[in-house]
Every structure is written in structure tokens, then in C-alpha cells.
Q: 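Sharing a structure here in C-alpha cells format.
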Amino acid sequence: MNNLVAQQNAVTELMRVSPLADELAERFARAGHSLYLVGGSVRDALLGRLSSDLDFTTDARPDRVLQIVSDWGDAVWDVGIAFGTVGVTKKGTTLEITTFRADSYDRVGRNPEVTFGDSIEGDLLRRDFTVNAMAIDLVTKTFIDPHDGIDALRLKVLDTPATPQESFADDPLRMLRAARFSSQLGFTAAPRVVEAMTSMASEIERITAERVQAELSKLMLAADPRPGLELLVDTGLADHVLPELPGMRLAIDEHHQHKDVYQHSLTVLAQAIELETAHEPASEPDLVLRLAALLHDVGKPETREFLPGGGVSFHHHEVVGARMARKRLRALKFSKEIVEQVSQLVFLHLRFHGYANGEWTDSAVRRYVTDAGDLLTRLHKLVRADSTTRNRKKAAALQATYDDLEQRIATLKEQEDLNRVRPDLDGNEIMRLLGLKPGPQVGKAWKFLKELRLDRGPLDHDEAVAELKKWAESEGIAPAE
């Protein structure tokens, strides 16, 4: 695709929202100002996937922008006006209009000293990558591409308008964005970008954990997170934002089927992504499942033990791994829910391997389901994804064994409500039967009955009462008359 064809394709895609863009451009022109579609919106137009969230830039100052759009938009907001951005919604489309920027950075933190510019060329120079440094003049429908962004887009290369050293010194978060775009767009970082990322990796520590987490989450939710993760590890950025990932390169997989646990984990991640829609075809990318797949073996380096004869073991790596995953995700400011769900999946991912040839009792199956709780479907996917052996016979046997476990779970669910395993007697009845007031003894009795329920399945009322009284006697509690 040559540049002229690419430009025409972008203009054609833009025509999809042309009435809206034309309308807005006309208002700015009447007010004596220019208006450009810019950045990711132009990139996406060239890729044929322009969204309903559009970015514009203009020479008009923010207060003037507010005047121009205030009686045009369905809603207008000025939350970002200190940074030169005014937001507008119109007919279901979200538009952000930002005054030309010519910021300067102190290169200590990340926040710039906001300075407004006077030219589109100056605005484009300060952008992160050349594929995001193109603009469409909405009045003439012509391109402005001073940094050959179309060529970079055609070649799928990530490069910077200024030197990467200048760009990353201004905003180190751009290094993480390079990794994210590698995964989202399937682009390759230019050699000079990789070199700068490698030499400047420690600069990422200027960025807050919240911003790092936001970029990592976007990377993990991309169609193929692997290229971005590998770029983070290869450049040393992961040493600063997710050190457990390169740390897994130290542990040799005990089955000798992979170069190391790091490579194994990337493969498990890819297989988990393939399984995301196995149960729910319309489901969105699952951040919890993907993080659990990436980190499921994170405890192996710490638990590695060399055995006589050359073998390697990683006893209790799921316990250590759950602790490590929880600590790292908390440091990255993930939500409490995500932290707990990921660490629980890491903790449970080995449980299935005790199932062997279907030798679990019904009690063991109940406990597997109860311990997984709402994570059961994700646990199914994670366990299946964790089979990366190249031995087809062994792989088929593992999948067949898990098929058997899922069938047993389904059968038990038909007979019992496994999703809500509770004692056969509630707290009020426990207190009435034992003559107890609310307190620790009621909790102990409730826990006893729940364990009994897990072991033996549902009990009829009289049997549950008899077992409770037998337990109370062993505890020195005299049942009520």
C-alpha cells in the first residue's frame, strides 16, 4: 500500500464520521481557527478501524474552544482544561479537543509544564511515536505527516518523532507504551527505540505505580501480549515493573519440555487466551485469567531444589507463588478483587494434579469446587492451559482426565447445589439445639457441620442433628433439653 492510497483510505474511513467532523471544523473555521484529527484517531483511520472516540487538536486556546463547542455538543466537560483538553459528546461520539502543545519537562517526574504551541508541526513533534504523529486537516481533508508515520505504519515499526532518548527522558511511560503497542498493534520497536529502552530502563521508576499498572493491564488485554512482555524482559524494563517475570528464567522446567519456566509461562498465557471463549464465546479478554496464567509458576525460582540424579523439584511453589503474586499485584495498585482472585488461582492451579486417574472421592471434588468458588470456570481454563507437554499422548491423557473431573463436577451439581455448600443446619438452629448464645462456639459448630457436608454430601435433618449433638458432647457442650 503506497502512501497516497493509504491517505485516501484514511480519508474514506474519516467520511464515516464526516458530517460530525465537518460540522465541528466549520464552527472552528468560522471562529478563525484550524482543527485537525490527530494521533491515534488518524492511525486507526489508516488501519480501517476508526472508533467513536476521536481526538482533535487546534490552535484555539482552551477557553476559546469552550466557547465554540458549548452550544454545539450534547454534553461538554472541562476536567482536562488545565492540560488544554475540552471534552464533547455529540450523537454518541466522544470528542476530545486539545490545544496545540509545546510542553517542557523537568525530567524528574512525568508531569510536563504545560505550554501551548502555535503550529501543528510543533504539536506532532512532541508525540510519542511517529504512527501517532500524523494529522488530517479537517477543512481541506489533507494529510500532515512530517515524520513519515505512514511509512512506519506500513512497515509496522514503532519509532519516535524526536530521538528516543529525548522522548523517553521527557516521559518514561512511553517505553511501556512501546511494549503495549507491540502487543496491541503487532508492531516492532525500531532498533534505536530498543536501544534507548535498554539504556534508560531505570527511568521508569519516575512513573507512579498506578500509571505503570494501567499500561501493563492494556498490554495484558491485547490480542497477543507475548511480544510486549518479551520486549519488557529483553530491555530490562521488566526488572523494574514486574521483576518476577524475568526471574522465572532462572528455573529449568522439571519436565525439560521448555527452555525455562519463563517460556513455559508465556505459552500457558497464550493457551489460556485461546480458552477464554471456550465456555463463553462472547466474553471479553479476561485480565484475571491472563495474570494468573502469566504468574502461575512465579514461585518456582524460590522453591527450586535439585534432586539426586539430575532432577529438579518445586515443592509448594503454588503456595509461595500465591504470596509473591499477591505482593507484586498490590505493589502495582491492582484492585483488591483482582489481587485476591489472581493469587487464589495461582494457589489452586496444582490441585488438579492430585486427581490422578479419577481417584478423588466425592468429598475431594466438593472441596475443589468450594475452594474455587466463583473462580471455577477460570480455574478450569488455567489448568487446561498449563498442559504444555510436547508428548501428544500425555497431553491427550491430561485433557481426558480433566474432562472426567469436569463431568464429575457436573454430575454432583445435578445432585447437590455445589455453588452454595452450607451446613445442613443454620446458625439459629445450632443455637436452639445446643442452648448457645451467639459466639465462637456457634462458629465452631457451623464449621464442623460444613466440613461434614463437604465430606458426606447433603444429610437429612435428623442425621445432621444427631451429628451435631455427638460433636457437642465431644466438646463438652450439653445440648438443650
Q: Looking at every non-hydrogen atom in both residues, tell me the closest pair between Leu269 and Ala293 and how far apart they are.
A: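 Looking at all heavy atoms of both residues, the closest pair is CA-CB, 3.8 Å.
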
Q: Is it true that the side chains of His264 and Asp386 contain a donor and an acceptor less than 3.5 Å apart?
A: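 Side-chain D/A pair, His264 to Asp386: present.
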
Q: Under 3.5 Å, side-chain donor or acceptor atoms of residues 219-228 against the rest of the protein: list the pairs with distances, not counting sequence neighbours.
A:
| unit_1 | atom_1 | unit_2 | atom_2 | d |
| --- | --- | --- | --- | --- |
| Asp224 | OD1 | Arg226 | N | 3.3 |
| Arg226 | NE | Glu230 | OE2 | 3.1 |
| Arg226 | NH2 | Gln263 | OE1 | 2.6 |

Q: Check the angle between the aromatic planes of Tyr36 and Phe100 and answer parallel, tilted or perpendicular using the 30° and 60° thresholds.
A: tilted

Q: Quick check: closest heavy atoms across His317 and His349, and the distance to 0.1 Å?
A: NE2-NE2, 3.5 Å

Q: Do you know the tightest heavy-atom contact between Asp128 and Thr160?
A: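 Heavy-atom minimum between the residues: O-CG2, 3.4 Å.
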
Q: Do Asn132 and Arg127 have side-chain N/O donor and acceptor atoms under 3.5 Å apart?
A: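 No, no side-chain donor-acceptor contact under 3.5 Å.
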
Q: Would you say the side chains of Gln213 and Ser217 form a donor-acceptor pair under 3.5 Å?
A: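 Yes, side-chain donor-acceptor contact under 3.5 Å.
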
Q: Check this for me: does any side-chain nitrogen of one of Arg384 and Glu406 sit under 4.0 Å from a carboxylate oxygen of the other?
A: yes

Q: Taking only residues two or more places apart in sequence, or in another chain, which ones meet Asp286 in a salt bridge (Lys or Arg N to Asp or Glu O under 4.0 Å)?
A: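 Checked Asp286 against salt bridge (Lys or Arg N to Asp or Glu O under 4.0 Å); matches are Arg378.
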
Q: Check step by step if side chain to side chain donor-acceptor pair (under 3.5 Å) holds for Thr98 and Thr85.
A: CA-CA 4 Å; Thr98 302; Thr85 300; 2.8 Å; yes

Q: Just how far is it from atom CZ of Phe116 to atom CG of Asp59, taken to the nearest 0.5 Å?
A: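 One gets 12.5 Å once the value is rounded to the nearest 0.5 Å.
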
Q: Minimum heavy-atom separation for Leu229 and Tyr262, please, with both atom names.
A: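 Scanning both residues, the minimum pair turns out to be O-OH, 4.3 Å.
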
Q: Does Asp74, at its CG atom, have more than 12 non-hydrogen atoms belonging to other residues, nucleotides or ligands within less than 6.0 Å?
A: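 Result for CG/Asp74: enclosed.
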
Q: Does some side-chain heavy atom of Gln341 sit less than 4.5 Å from a side-chain heavy atom of Phe334?
A: no

Q: Using a strict cut-off of less than 4.0 Å between a Lys/Arg side-chain nitrogen and an Asp/Glu carboxylate oxygen, indicate whether Arg326 and Glu340 qualify as a salt bridge.
A: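 Between Glu340 and Arg326 there is a salt bridge, with a charged N closer than 4.0 Å to a carboxylate O.
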
Q: Salt-bridged, Glu302 to Arg323, with N to O below 4.0 Å?
A: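 Between Arg323 and Glu302 there is a salt bridge, with a charged N closer than 4.0 Å to a carboxylate O.
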
Q: Has the side chain of Glu318 got a donor or acceptor atom that lies under 3.5 Å from a matching backbone atom of Arg351?
A: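 Checking the backbone N and O of Arg351 against the side chain of Glu318, no donor-acceptor pair under 3.5 Å is found.
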
Q: Are any of the side-chain nitrogens in Arg192 or Glu195 under 4.0 Å away from the carboxylate oxygens of its partner?
A: no

Q: So Ser182 and Thr188, do their side chains get closer than 4.5 Å, heavy atoms only?
A: no

Q: Looking only at heavy atoms, which two atoms of Phe168 and Arg206 are closest? And how far apart?
A: O-NH1, 4.4 Å

Q: Grab the two heavy atoms, one from Val42 and one from Leu37, that are nearest each other, plus how far apart they are.
A: CG2-O, 3.3 Å

Q: Would Arg174 and Ser167 satisfy side chain to side chain donor-acceptor pair (under 3.5 Å), going step by step from the backbone distance to the final call?
A: CA-CA 8 Å; Arg174 290 170 175 169; Ser167 182; 3.1 Å; yes

Q: Do you see a donor-acceptor pair shorter than 3.5 Å between the side chains of Thr235 and Thr198?
A: no

